[in-house]
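Chain naming here is simple, since letters A, B, ... match the order of the sequence lines and numbering starts at 1 in each.
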Protein chains: 2
Amino acid sequence: MARQAKYEELRQELLAEMAGSAPHTPLPTEREISARHGVSRNTVRQALDALETSGSVYRVQGAGTFVAPPVVSKSLALTSFSEDMRERDLVPASRLLAAETVRAGRQIAERLGIAPDAEVVRVSRLRLADGSPMCLENVHLPADRVPGLAREDLSGSLYALLTERYGLQIRSAEQVVRAVDLDETESALLGVPVGVSGLRVQRVGLDRRDTPVEATTTLYRADRYDIRFTVRRSRP
Amino acid sequence: MARQAKYEELRQELLAEMAGSAPHTPLPTEREISARHGVSRNTVRQALDALETSGSVYRVQGAGTFVAPPVVSKSLALTSFSEDMRERDLVPASRLLAAETVRAGRQIAERLGIAPDAEVVRVSRLRLADGSPMCLENVHLPADRVPGLAREDLSGSLYALLTERYGLQIRSAEQVVRAVDLDETESALLGVPVGVSGLRVQRVGLDRRDTPVEATTTLYRADRYDIRFTVRRSRP
DNA sequence: CCCCCGGATTGGACGGTACCAATCTGGCAG
DNA sequence: CTGCCAGATTGGTACCGTCCAATCCGGGGG
């Protein structure tokens, strides 16, 4: 029995109600939703806050709350490769290239906030979408937080494994995106001609205490992949 | 006199207070901040909400609120080229390549949500950082919303011009990032060898009603530029 | 010495109310 | 018919209070 918050329940109800509505259709006023659903206006506003940040509605003071036009960018949220691919209607798969325990080294150590001579588990995988290569993934995790990881089944979602086996939850991540030229090895693995460009995403996954849990470098084929997200003005 | 909200004032005060603090230092409890600053706990929570989404603090139920470790990614927010460069400690500049009124065409029309034969203003600029080329920028705006734009001074911030001259405010934007191979013209303008890769960012700027205001395609030099941002898990 | 458990503490959720600021609308004046 | 202004409407800010759930800490038992 997953007892969930009222505003979360309300959020889903509102989302369902406006599923068929045309963009810019006004929602009921906050006071009306409040009365109709038998919750306080505070709770209504919490639900609407969530819908606003997810890009489902927009609000104009004095005017009302409206259904937002559909967006191209679905992946503003943190997703695993598997989730990401399924959202693009592709079937994810994985081929394990390496899984070993090594010294962190300067760069990885800095990204994970640990000592350079500390041990890390390195998992290298070629990830496939609909059977053909999509990206090269290189994950580093502090060894003391994931004992025995290298001997686990690494064919599926690593995030799921971290949660279920080790109780590690990644709540946010910092990403650095850059365009790079692929070298010979990379091109061969990804199945593209030498010299074409690739999209490199360096990510540091953080738990709810903003402590680094994993550092991942992913190299995407530029011809098959793009990154979509929404940005907002912070303070006007 | 810009009368600002209390929670906004409180946010800035808290940000200043914790400026020198080490990461993971606990802030006072919400009830304590409330009492000390003479505001309600609700208001405190609003201020902390803002600090949390900006990545300045993190909260753990039952434990407290803590100073978040510094992040690599500063540019989670929507910024103009000028702001972006200044944040990277570079001096922005601009060279106007073209400013004309043309038919939208299918692709631009779709991005702006207008008719394909509608008129748009196209502004093409080479943008410089510390005197050398950083990116090629190609902006399209619906002509009827920015009459006479082509004859304005386009050497500075376009966003500022849109706000001051036309009252258009871009509140959010959807971005699609992809790695591409530069062609000869592009390479020449950017001052890089032919065949190296570039980072292409396609952006649609939206006003507070989520209506498209501008569609921009920016081509960055891969060797000088990266994109940094933070993503969060939406619902656990 | 370590482990477990219960109470105190802290953030999270929810209720209610009041007033403000931006917007919209309808009616009146021109 | 057009333009403007006053009042109603709507979201935004702020206050109060109550209870819940996760965490932390210290004391007691092994």
Side-chain angles (χ1 to χ4, degrees), chain A residues 1-14 18 24-53 56-68 167 169 171 207-211 232-233 235-236, chain B residues 1-14 18 24-53 56-68 167 169 171 207-211 232-233 235-236:
Chain A
M1 235 344 81
R3 293 247 330 273
Q4 62 185 352
K6 278 192 191 175
Y7 77 89
E8 174 58 20
E9 199 177 332
L10 177 58
R11 187 190 68 86
Q12 290 170 15
E13 283 177 27
L14 291 173
M18 57 191 240
H24 307 291
T25 303
L27 271 69
T29 69
E30 295 182 350
R31 290 162 175 88
E32 204 175 313
I33 298 176
S34 165
R36 194 180 303 177
H37 287 77
V39 297
S40 80
R41 196 178 149 214
N42 260 339
T43 306
V44 174
R45 283 184 62 75
Q46 258 186 296
L48 290 177
D49 281 346
L51 288 173
E52 189 178 29
T53 38
S56 306
V57 304
Y58 64 89
R59 302 197 269 192
V60 182
Q61 184 177 7
T65 305
F66 307 88
V67 177
Q169 254 196 319
R171 295 278 291 265
D207 63 14
R208 62 178 187 158
R209 293 191 139 88
D210 279 6
T211 306
R232 282 171 222 291
R233 272 250 180 246
R235 350 225 114 258
Chain B
M1 234 353 47
R3 295 239 337 269
Q4 64 183 352
K6 276 192 191 175
Y7 76 88
E8 174 59 19
E9 197 178 333
L10 178 58
R11 187 190 69 86
Q12 289 170 14
E13 283 177 27
L14 291 173
M18 58 192 239
H24 308 292
T25 305
L27 270 69
T29 70
E30 295 182 352
R31 290 162 176 88
E32 205 175 314
I33 298 176
S34 166
R36 195 179 303 177
H37 286 78
V39 297
S40 79
R41 197 181 145 209
N42 259 338
T43 306
V44 174
R45 284 184 61 76
Q46 256 184 298
L48 291 177
D49 281 346
L51 288 173
E52 189 178 29
T53 39
S56 305
V57 305
Y58 64 88
R59 302 198 269 194
V60 182
Q61 185 177 4
T65 305
F66 307 87
V67 177
Q169 253 197 320
R171 297 279 292 266
D207 64 13
R208 62 181 186 153
R209 292 192 141 89
D210 279 8
T211 306
R232 282 172 220 291
R233 273 249 179 248
R235 344 227 117 257

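Between B:T43 and D:dC15 there is a side-chain N or O to OP1 or OP2 distance below 4.0 Å. For A:R208, a side-chain nitrogen or oxygen approaches OP1 or OP2 of D:dT23 to under 4.0 Å. OP1 and OP2 of C:dG16 both lie 4.0 Å or more from every side-chain N or O belonging to A:R41. Regarding contacts with the backbone of D:dT10, every side-chain N or O of A:R59 stays at 4.0 angstrom or more from both OP1 and OP2.
Between A:Q46 atom CD and D:dG12 atom P there is a gap of 14 Å when expressed in whole angstrom units. As rounded to whole Å, 14 Å separates atom C1' of C:dG12 from atom CG of A:D49. Rounded to an integer number of Å, the gap from CD of B:E52 to C1' of C:dG12 is 11 Å. Rounded to an integer number of Å, the gap from CD1 of B:I33 to P of D:dC15 is 14 Å. Across the protein-nucleic acid pair, A:E9 atom CD and C:dA13 atom P stand 14 Å apart, rounded to whole Å. Rounded to whole Å, atom P of D:dC24 lies 14 Å from atom NE2 of B:H24. Per the geometry, CZ belonging to B:R11 stands 13 Å off P belonging to D:dT13, to the nearest Å. For the pair B:R45 CZ and D:dG12 P, the computed distance is 19 Å after rounding to whole Å.
Each of A:N42 and B:R209 was matched to the nucleotide of DNA chain C holding its nearest heavy atom; the match closer to the 5' end belongs to A:N42.
With sequence neighbours excluded, no residue satisfies side chain to side chain donor-acceptor pair (under 3.5 Å) with A:E9. Applying the side chain to side chain donor-acceptor pair (under 3.5 Å) test to B:S40 and every residue at least two apart in sequence or in another chain returns B:T43. For B:R31, the side chain to side chain donor-acceptor pair (under 3.5 Å) criterion is met by no residue, not counting sequence neighbours. For the side-chain contact (heavy atoms from CB on, under 4.5 Å) test, residues two or more places apart in sequence or in another chain that qualify with A:R45 are A:E30, A:R41, A:R59. Looking at residues two or more places apart in sequence or on another chain, you find no side-chain contact (heavy atoms from CB on, under 4.5 Å) involving B:Q61.
Counting heavy atoms from C-beta outward, A:L27 and A:M18 have side chains that approach closer than 4.5 Å. Counting only heavy atoms from C-beta outward, the side chains of A:Y58 and B:R208 never approach each other to under 4.5 Å.
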Restricting to nitrogen or oxygen on both sides, can you table the protein-nucleotides 7-10 of chain C pairs closer than 3.5 Å?
residue: C:dT10; atom: O2; partner: B:G62; partner atom: N; Å: 3.3

